[in-house]
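Reviewing the structure listed below.
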Amino acid sequence: MAPAAVVSRGPLLPGVRLLDRLAAEEGPLVTLAALAADLDARRRARDAHALLAQTAAPREALVAAALDLTRALERTGDALGAARGPVDALIAGDLLPALAALDPEVESLPPPGQAAVDDPALYEVEEAHDERAPPGALLAVRRVGLVDRRGGVRRVHPARVVVSLGPRSALDQALDALLAAWTAPAADTPRARTGRRSPEASPAHVGLAQVEDRARALRSAARDGQERQVADEAAALLDLVEPAADGRSGLAEALGALGQALGGLGVEVVDAPGDGADRPGLAPRHVFSPRPAGEALGVTRRALLVDGKVVRPGEVARSLGPRPALLGVVDALEPALAGLRDDLRAPLDARVGLERAVEADLLAGRQPLGAGSPRDRAVALLDALDRAREAGGGALEAVLRGPLRAALAAEGLDLVPAPGEPLDPALLARTDAVAEVQGRPSARPRGEVLGVQAHGLVAPSEEGAAAVVRPARVVVSLGVDEAGLAALEAALASAREAAPTEAGALAALVERLRDARAPLDEARALDALFEAHAAASPAGRGPLGDALRALGAEVFPAVGDPWSGPARRVFSDAAPAGQVLEVLTPGLRRGDTVLRPPEVVVSRGRPGEVERAVVSALEAARAAGVDDALAGALDEAVERVAGLPADDAAGLLVDLLGRLEDAGHAEAGAPLVGALAGRGLRALPERAGARWDEVAAAAGDGAFEAPRRVLVDAPPGSIVTVERRAVVSSSGVVRRGRVRVAAGPPSELSRLAEGLRPGLDGALEGDARAAALAELDEVLERIAEAHAERGYLLALPLVNLLQRHDLKDKLGGELKEFLRRQSVKEIIAYPTYDANRLGVSRLEEVRVRSDRPKGKIVRVLRPGFERTTDGVVLQKVRAEVSR
């Protein structure tokens, strides 16, 4: 029997722990299980051969299998990306010791426990910043390397490692922010004109890779510590990035941070103009802007200085003031010159060239010499444009009507005639202002310009007549076409026989119509003919009516005509509804335009019982002065109510009664109350002053809203105001009522509150007035129910109400005096007041942007009050504060 023995395999290899760990893995490394199993089998084969002292072939296979597993583990780490932490820990803690134990002639890179890269030739180095690791420290192994000395030949498989650059510098942080801002989309906001030399040279062609290259070079120069090299690389980076910063706040902020970082490296960045003088390294460049002339607008190119010497020259934009208006004219004129005949284009080209030369001189900081004044140049440009305008079509006309007219106005000159406006009759009558006038029969309004042969120019004066700089030549409408003039002549001939008095006025009218310069207001001429027609005898009205018709007008309507427009409508047993019963004042119309509205009486037809009630209410409402909308609703109800079923008619009466009551004209609804009573409906209360408890009992449950209690000189419990009657029937409540009930004699505060009502009613309109009066009523009700000792505090909501409508100073004097007598004073707060002086205990801030200094009050939204006896803040100030 062979003896049994246990033979040692040597110490437990570190790789066994790695294999056991991979075999138990359930996470992202589970895909390596097969490779781990193969490696384990080869390890066992090697151990068996080692015991039998056989060849080294299994050791070679084991090394190969270990390398396969190593590369698979590295690929898994690369795939995990940011989540590769467990893989890096496995490589450093288990894989490197395992590889070192495979074979004495195979050395892993880096060796286990190594903290820094000692031989850069053996490593592919990836650098990364780390706030805790010193520069050069080994942070992670991305790929394991090997030094293989088997067979007497040294073979190196470089490792890929991550090495610390140490904590991030201010420059690194600034460059990272700049790269992030470069890739961010630019906001679609209008760019301010800062006078960039070449705005068309957009940096859109500059790619991220170029910016990254320049940033990388700047980082490298900063690590070398050479200030001049840092400045040169910073200048190259600014040349790429700076043109894109205009209008992109994120990129501009990143460049500002970069400047601060460069300052810490000995490179001065000049990115702001000096106070009243240009700073070193900044050359002035003149630009047009709305800012005053000479004011610095900002640095358009940053300057870089090292030890006071300029490395990169910069530029500061200085305002020349607003851009001359004539430059806007030539901007619009240049595209419109294409296609003009040479003889017309040459003078305009010369004027454009002159203005461009003036622009170049101004931008270069030179005073233009020999160009003439802007006024003379604008007049000369008008001369050239007038000669070419007809051939140039609408484009040149648009230049004249728009920018050239504005440029002339800037020099105190007005075009005659002004584009799109009728010619001033006073100017038309002056031969020095309008040298030639051609009158042309036309249906267009009289005096309207039909054509301009040459524009004139006048200099308006507040002291007297306008001074003429250049006369105009125009063609204007006579206001009557050829057919109208012929008809007017025929009417004149007829009027000479039938109405000699009117014929003289008509002849004068015809004569003035034919004179284009005669100051004739067509509307006034029609009015004069209309007045003469109304005053003439029946025989004389015919020719005057013909004259009106020749001018396109007619007198209307006649008795018996149908009528649907505004009118005084009355019931008539003889005439059908809509027929004119009487013409109180005749009207005048021209086509579809009513020049003089008539006043007529129109039949409503035969009335019914309910209609009579509504009409009576309408007449009472008109006498009480209701608005047109409510009167129209009553008027419309007259037309509708006759054809409605009984229930619908009662509903309409209830609705009209409510509208009259809501408008404050409850007394005008008395006829409607009577009509409702005839239909079994009762409106309560029937009178003011009745006892509330009696009316409520008679009306039944739910007939009224909760009564509003007020302090008045009336017996407590009596109804002092009926805002809306309740309408009840035998079957229940049709409409709920609303009343005010006396709660006792008025207090000082309630009198003051009631005194605000007329002021609010007169100062406000529409919804604002309704909301303010409703809020006042709510405060009055709270005053009526307030505790005697604290009722004075209800003055505060009244002051708040006035403040919201900017009426505190106008209407709140007595309220403030009342509060002072109660030992309550207003906390001082007004626009421009320093908010910090109030403190959080006395101020409720609403932060807003404004042109005021930070911390200054912009607007007081609600006043604050405090008790003078003990300093208790009863109400904080609420105000908008500049941030």
**Request:** Determine, for Arg757 against Asp777, whether the closest basic-nitrogen to carboxylate-oxygen distance falls under 4.0 angstrom.
**Result:** yes

Are the side chains of [X] and [Y] in touch, meaning some heavy atoms are under 4.5 Å apart?
X: Leu838; Y: Ile857; answer: yes
X: Val710; Y: Val741; answer: no
X: Glu814; Y: Phe818; answer: no
X: Lys856; Y: Ser850; answer: no

**Asked** Which residues pass the side-chain contact (heavy atoms from CB on, under 4.5 Å) test with Arg862, sequence neighbours left out?
**Response** Asn800, Glu844, Gln875, Lys876, Arg878

**Fill in**
Sorted by chain and residue number, the side-chain contact (heavy atoms from CB on, under 4.5 Å) partners of Ser750 (sequence neighbours excluded) come out as Leu711, Pro746, Ser747, Leu780, Ile783

**Prompt:** Could you walk me through whether Leu793 and Leu874 pass the side-chain contact (heavy atoms from CB on, under 4.5 Å) check?
**Reply:** CA-CA 8 Å; Leu793 293 176; Leu874 303 175; 3.7 Å; yes

**Crowding at CD, Glu817 (>12 non-hydrogen neighbours, <6.0 Å)** = yes

**Whether over 12 other heavy atoms sit under 6.0 Å from Glu785 CD** = yes

**Asked** What pairs meet the side chain to side chain donor-acceptor pair (under 3.5 Å) rule with one or both residues in residues 707-719, with sequence neighbours excluded?
**Response** Arg708-Glu781

**Request:** Determine which pairs satisfy side chain to side chain donor-acceptor pair (under 3.5 Å) with at least one residue from residues 554-563, sequence neighbours left out, and list them in order.
**Result:** Glu554-Arg589

**Item:** All ring-ring contact (aromatic ring centres under 6.0 Å, His included) counterparts of Tyr833, not counting sequence neighbours
**Value:** Tyr830

**Prompt:** Which pairs pass salt bridge (Lys or Arg N to Asp or Glu O under 4.0 Å) with one or both residues in residues 822-838, sequence neighbours excluded?
**Reply:** Lys808-Glu826, Lys825-Glu866

**Request:** Apply salt bridge (charged side-chain N to carboxylate O under 4.0 Å, His left out) to the pair Glu845 and Arg847, showing each step before the final yes or no.
**Result:** CA-CA 6 Å; Glu845 291 189 9; Arg847 289 286 182 172; 2.8 Å; yes

